[in-house]
Trainee: 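My questions all concern the structure below.
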Amino acid sequence: DQVLHIVPETFQQVQHLQLLCSTLLLDLWKPLLPEDIRAGEDLHIRVPAPLVQEVKDSLDQHMISYRVLIPDVQKLVDQSMPRERSSHRQVSGGYVYTEYHPMEEIYQWMTQIQKNNSDLVTQHFLGKTFENRTMYYLQISQPSNKPKKIIWMDCGIHAREWISPAFCQWFVKEILQNYKSDPKIRRFLQNLDLYVLPVLNIDGYIYSWEKDRLWRKNRSPYENGTCYGVDLNRNFNSSWGSVGISFNCSSDVFCGSGPESEPETRAVAQFIKSKKSDILCYLTIHSYGQLILTPYGSTTEPPSNNEELMQVAKDAAAALTGKYGTSYRVGSTALILYNNSGSSRDWVHTIGIPLSYTFELRDTGTHGFILPANQIQPTCEETM
Amino acid sequence: DIDGVGHKYYLELELEDVLDKGRTVSCTAEVLYHLGSKSTAPDVQATVQGELRSTEEADKEFYNRVRSLPKELVAENIPDSHGNVPPELEPIHLLAWAASGYVTWQNSTESTKFHLAQVKHVKQVKRSDEDLQFDYVLLLHEMVSQEVLPWEVTVLWHPQRGARVSRERRQPGHA
């Protein structure tokens with residue numbers, strides 16, 4: 001849209017302009033009504049983009065000179081208004097947690113978080129992705145001379161599940177923001193360290209921003225570069241390649257050329273193996289479905305500590321529902337979702353980590369993977 | 001289980017109006033999945049108890065708005081990557097949803113679970129009769145395989161006659 005400045009010289013010009021304004025329903029900024037257009041006086045009209053050429057042609061035809069006052073109304077509007085349209089902005093230290101962020105910004109966020117909370121947070125190298133990007137995790141740890149058990153949480157193993165990395169960022173923010181004021185969090189951190197990997201599948205996440213919003217897998221090439229991507233959550237060494245997978249690279253559940261064939265999988269697996277005896281609980285965050293899933297996906301045979309796993313999950317689901325009424329179902333993947341093998345959660349449990357859960361966040365299919373940003377806050381608050 | 005025929009399910013559902021949350025209506029349905037045949041849609045009989053909200057005003061307004069557009073409507077990526085739908089495209093989105101329900105029905109088995117992930121593309125096609133025609137490419141997410149399947153769907157709509165899917169097919173070629 002453009003705003004034109006015209007000073008009509010003759011009565012004929014005034015008449016033509018009045019006709020133009022009323023026929024095309026142009027938006028008069030000055031004066032307000034066509035009948036107040038006068039020769040020798042300033043006239044400002046906003047012309048909608050599709051009509052700009054037509055109007056200018058008409059002015060030229062009638063030898064009415066004009067000047068473009070505002071060449072792009074939208075740009076001006078955007079510049080003068082804050083980016084966030086919803087009234088509930090969650091901004092902490094300048095970062096907007098109620099928006100989805102591209103990977104560049106998440107990298108910057110990690111650096112900032114460590115800088116602003118250097119007493120509690122350290123950023124660590126985990127590994128590299130196929131496209132050679134660095135994977136970092138954040139360690140939130142209260143300094144102490146006693147060894148602490150670990151809770152690990154990873155987000156974004158599947159590229160299109162944007163609410164997942166958004167939750168990891170929110171989680172970190174909540175913990176750090178309320179550490180001083182919330183005795184529960186302080187007690188928590190007295191005895192436990194939190195390790196958070198905000199985006200596991202970095203290459204895939206970037207691809208979902210730039211090329212294909214509904215991409216799921218990583219970006220390693222197969223079949224001579226004619227086919228891309230392994231489903232990282234089928235690539236772990238737990239009954240790998242047995243069920244709920246495909247050996248066909250073009251499938252969204254392609255399990256790779258072998259267990260841990262992918263650098264992202266190896267980076268996570270190696271680290272978890274090295275800290276195995278200290279990890280108490282493993283959480284991996286996905287969407288959608290509103291489920292808390294326990295092992296296993298490859299068999300309905302329950303894990304040895306199934307009772308404990310289920311009890312903890314049920315308590316979590318109840319607490320979650322208590323916030324906004326969102327209902328989550330609890331159970332093993334094989335029983336309530338579908339069969340799958342090679343999942344990170346299953347592998348982690350088989351190497352001896354007792355509590356291992358997959359969270360499938362909002363919603364249940366209405367928006368699916370493309371959850372509107374205005375649901376980031378409630379989703380994160382209830383999950384917290 | 002019906003020997004030699006298939007599996008029949010009896011359902012009692014509560015339907016919620018997406019545009020008028022809190023307004024619900026009961027529905028009973030019978031669904032019969034045919035044995036063996038993956039290419040026949042399941043039989044569905046459904047009865048709605050109670051009244052559905054009247055949308056006459058909004059229907060008329062939408063119909064007239066589209067009919068008076070200078071050029072055929074074209075749009076893509078509804079919602080956008082961040083989940084936003086411009087208000088004037090909301091009816092197009094809702095129509096896609098309804099159409100995806102039909103496509104889901106026609107292509108479901110007991111081991112599939114479809115959801116509309118996104119409207120990839122929609123193009124209005126001018127017609128000589130009074131129907132509005134929209135040619136959609138819908139992205140359907142299938143939960144078990146995790147695939148996102150592009151589907152070509154032609155929808156006809158008229159304020160009194162309602163929505164009909166006149167053509168639907170999985171988009172040929174590799175996703």
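Naming convention: chains lettered A, B, ... in sequence-line order (proteins, then strands); numbering from 1 in each chain.
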Trainee: When you measure from the side chain of A/S164 to the backbone N and O of A/I285, does any donor-acceptor pair fall under 3.5 Å?
Mentor: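 A pair under 3.5 Å: yes.
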Trainee: Flag the pair B/K8 and B/E30 as a salt bridge only when some basic side-chain nitrogen lies within less than 4.0 angstrom of an acidic carboxylate oxygen.
Mentor: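 Salt bridge flag = yes for B/E30 with B/K8.
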Trainee: Taking heavy atoms only and a threshold strictly under 4.5 Å, list by residue number the residues of residues 48-55 of chain B that touch chain A; give 'none' if the list is empty.
Mentor: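 Contacts with chain A: none.
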Trainee: Can you confirm whether A/Y95 sits close enough to A/Q169 that some side-chain heavy atom of one is under 4.5 Å from a side-chain heavy atom of the other?
Mentor: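 Contact flag for A/Y95/A/Q169 side chains = yes.
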Trainee: Does B/E110 have more than 12 heavy atoms from other residues, nucleotides or ligands lying within 6.0 Å of its CD?
Mentor: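 Yes.
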Trainee: According to the interplanar angle, ranging from 0 to 90°, do the rings of A/W240 and A/F247 count as parallel (below 30°), tilted (30 to 60°) or perpendicular (above 60°)?
Mentor: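 Perpendicular: the ring planes of A/W240 and A/F247 meet at over 60°.
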Trainee: Does any backbone or side-chain atom of B/N77 lie under 4.5 Å from a heavy atom of chain A? Answer side chain, backbone, both or neither.
Mentor: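 Answer is neither: B/N77 stays 4.5 Å or more from chain A.
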Trainee: Step through the shown structure and confirm whether more than 12 heavy atoms of other residues, nucleotides or ligands are within 6.0 Å of NZ on A/K211.
Mentor: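 Counting other residues, nucleotides and ligands, NZ of A/K211 stays at 12 neighbours or fewer.
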Trainee: Can you tell which part of A/L371 gets under 4.5 Å to a heavy atom of chain B, answering side chain, backbone, both or neither?
Mentor: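 Answer is backbone: N, CA, C or O of A/L371 sit under 4.5 Å from chain B.
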Trainee: Given heavy-atom pairs under 4.5 angstrom as the criterion, report whether the side chain, backbone, both or neither of A/S251 touches chain B.
Mentor: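 Contact with chain B involves both backbone and side-chain atoms of A/S251.
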Trainee: May I ask you to say whether A/R219 pairs ionically with A/D203, meaning some side-chain N is under 4.0 Å from a carboxylate O?
Mentor: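 Judged by the 4.0 Å cut-off on N to carboxylate O distance, A/R219 and A/D203 do not form a salt bridge.
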Trainee: Taking C-beta and beyond as the side chain, do A/Y97 and A/Q377 meet within less than 4.5 Å on heavy atoms?
Mentor: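 Sidechains of A/Q377 and A/Y97: no contact.
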Trainee: Taking every heavy-atom pair that is under 4.5 Å apart, which of A/W209, A/W162, A/Y100 has the most such pairs with chain B?
Mentor: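 Top count of heavy-atom pairs under 4.5 Å with chain B: A/W162.
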Trainee: Under the 3.5 angstrom rule, does the side chain of B/H158 hit a backbone N or O of B/Q160 as a donor-acceptor pair?
Mentor: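 It does hold such a pair.
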Trainee: Determine the sole option in A/R160, A/K217, A/R216 for which the salt bridge (Lys or Arg N to Asp or Glu O under 4.0 Å) test with A/D231 is passed.
Mentor: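 Result for salt bridge (Lys or Arg N to Asp or Glu O under 4.0 Å) with A/D231: A/R216.
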Trainee: Check B/D80 with A/R213, please: is the shortest side-chain N to carboxylate O separation under 4.0 Å?
Mentor: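 Judged by the 4.0 Å cut-off on N to carboxylate O distance, A/R213 and B/D80 do not form a salt bridge.
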Trainee: Side chain, backbone, both or neither: which part of A/F369 has an atom under 4.5 Å from a heavy atom of chain B?
Mentor: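 For A/F369, the side chain is the part near chain B, not the backbone.
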Trainee: Name, in order of residue number, those residues of residues 133-141 of chain B that have a heavy atom at a distance of less than 4.5 Å from a heavy atom in chain A; otherwise write 'none'.
Mentor: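 Checking residues 133-141 of chain B against chain A gives B/L139, B/H141.
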Trainee: So what's closer than 4.5 Å to chain A heavy atoms on B/S145: side chain, backbone, both or neither?
Mentor: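 Only the backbone of B/S145 comes within 4.5 Å of chain A.
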Trainee: Look at A/G289, A/G244, A/G365 and state which one has the largest set of heavy-atom pairs under 4.5 Å with chain B.
Mentor: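 Highest number of heavy-atom pairs under 4.5 Å: A/G365.
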Trainee: Are B/V155 and B/S166 packed together at the side-chain level, in the sense that at least one heavy-atom pair is separated by less than 4.5 angstrom?
Mentor: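 Heavy-atom side-chain distance check fails, nothing below 4.5 Å.
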Trainee: Under 4.5 Å between any side-chain heavy atoms of B/W157 and B/D131, yes or no?
Mentor: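 SC-SC contact between B/W157 and B/D131 ruled out.
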